[in-house]
Amino acid sequence: MNREKIRKYDMVIVGGGVTGTALLYVLGKYTNLSSIALVEKYSDFAQVNSNNVNNSQTLHFGDIETNYSLEKALVVKEAAEMLERYLLKTQNSEGLIYKKSHKMVLAVGKTEVKDLEKRFEDFKNFYPKLKLLNKQDIEKVEPLVVKKRNAKEEIRALISEDGYIVDYKALSKSFVENVLKEEGKDINIFLNTRVNFIIKNNGGYVLKINNKILESKAVVFAAGAHSLLFAKSLGYGKQYFLLPVAGNFYAANQKLLNGKVYTMQKDKLPFAAVHGDPNIRNLNEVRFGPTAKVIPVLERKNIKTFREFFKTTKFDFKVMATLFKIISDRDILGFIAQNMIYDIPFLGKYFYMKTIKKIVPDLSLENLEFKKIAGGIRPQLADREKKELIMGVGEIVGDNIIFNITPSPGATACLQSAKSIARKLSKFFGKDFVFDEDGFKRDFLENK
Ligand SMILES: Cc1cc2nc3c(=O)[nH]c(=O)nc-3n(C[C@H](O)[C@H](O)[C@H](O)COP(=O)(O)OP(=O)(O)OC[C@H]3O[C@@H](n4cnc5c(N)ncnc54)[C@H](O)[C@@H]3O)c2cc1C
């Protein structure tokens, strides 16, 4: 080993998406760690799932996300409020990082309307700004949701005026820019730098990156699906396997919606049902989606990750039994079957159009430029021992090392995950480690 090429750090973060950059920001600003490196394999931050073209750009508060129970919604609410506070105090010239927008969930038909009204009763005390709208109210806010809708079709909606469209890539860059302003810290960013492998060494870790060696007392992998690959290479997370769920969007080049419009989803499913979202980079374009299809790669548009997928997921008896158990649930099976249909050439577009018409009834293939866009991949973790899906953020904690695998709403949860990781670091670094949790709370958890 060439000694000149060895760099030593207190902490190395692998992955420059929104999770890794938020963690860098929190550790740089609120802890006494003095030397931190962030390693990202691409030439810029947030090129994978945190890229604005790859996700739905929503700051999830849990109020209109009907796939969340009240309990889960309140955890998401706390995460969203932390990020909201960061957004509001951050320079947002020309709406680069966020734009304010209403968020609505639409109930169509008697059963959905009944469920929505019940949800409103259960949620209203926790979300005082949430309003229940009737057809006339909806028409004022989103005229095309009502136009040409069957008059007999009952609709109601829950709306929150306080929503945000977020460019999580711009947010990632802002975390990095802001933490680099901290004085007295040795923060190094390695772009275009892939971690090739990691080994344990003297209670810490040695990472091989390009032509350098990094030594670190502690490491956090915020590398999406790749976090599980590295966890397994060190013998952690053997009980887990991955279901990489790719999401496509269909985009209409017209200002069909003024804000975000979600549809109702079943709470057993980890992903939101189809929704329409104005694109933060072009508010005259509305993206509908995302679809959900399991594909055997760790990263979209990167076929090399096909082999890596099979390293994270070996189809042994326990994995097959888990998959069988998951899909034996009627709701999940129905969801998978429906999403498979959307991928059939030509026909898929037609069937998806029918789903989108639930939001905008007066939509037709002829009068719209309607294009399919490949989004990112939600790395959905499953447990082959417990034979179940892991809902929410996946985290594996080892000796002085943490692996974060975050499907949805991982971008919303970036500061919450960072806080949770910072808390765990006292176990790694002992009594000399300081996390200024009061300062963090003052900035992100107390009065707006
Ligand atoms: C279709 C879709 C819609 C979504 N919509 C929303 C939404 O509206 N709101 C929301 O909150 N969340 C949403 N999510 C989830 C959200 O996008 C992710 O949870 C979030 O972006 C994950 O961020 P991350 O930093 O953990 O991962 P990523 O953004 O994937 O970043 C991981 C980084 O690790 C790097 N990396 C990997 N391996 C290595 C290596 N060996 N060496 C160096 N670097 C490496 C990658 O290059 C990448 O930059 C959506 C996801 C999808 C797929």
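Remember, it's a predicted structure, so these values are computed and weren't measured experimentally. Remember, it's 1-based here, ligands and their atoms both numbered in the order they're listed.
- For ligand 1, the protein residues placed under 4.0 Å by at least one non-hydrogen atom are V14, G15, G16, G17, V18, T19, V39, E40, K41, Y42, V48, N49, S50, N54, N55, S56, Q57, T58, H60, Y168, T193, R194, V195, A222, A223, G224, H226, F230, F249, P290, G376, I377, R378, T406, P407, S408, P409, G410, A411, T412.
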Mind running salt bridge (charged side-chain N to carboxylate O under 4.0 Å, His left out) on D63 and R119 for me, showing each step along the way? CA-CA 9 Å; D63 45 1; R119 187 176 174 91; over 6 Å; no

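- A distance-only check finds no donor-acceptor pair linking the side chain of K314 to the backbone of V319 [under 3.5 Å].
- At a threshold of 4.0 Å, the pair E177-K181 does not count as salt-bridged, since none of the basic side-chain nitrogens sits closer than that to a carboxylate oxygen.
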Sequence neighbours left out, cut at 3.5 Å: what donor-acceptor pairs do the side chains of residues 11-25 make with other protein atoms?
unit_1: T21; atom_1: OG1; unit_2: G17; atom_2: O; d: 2.8
unit_1: T21; atom_1: OG1; unit_2: V18; atom_2: O; d: 3.4

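- For the 3.5 Å distance criterion, the side chains of N51 and Y42 fail to qualify, holding no donor opposite an acceptor.
- A donor-acceptor pair under 3.5 Å is absent between the side-chain atoms of T193 and the main chain of V39, judged by distance alone.
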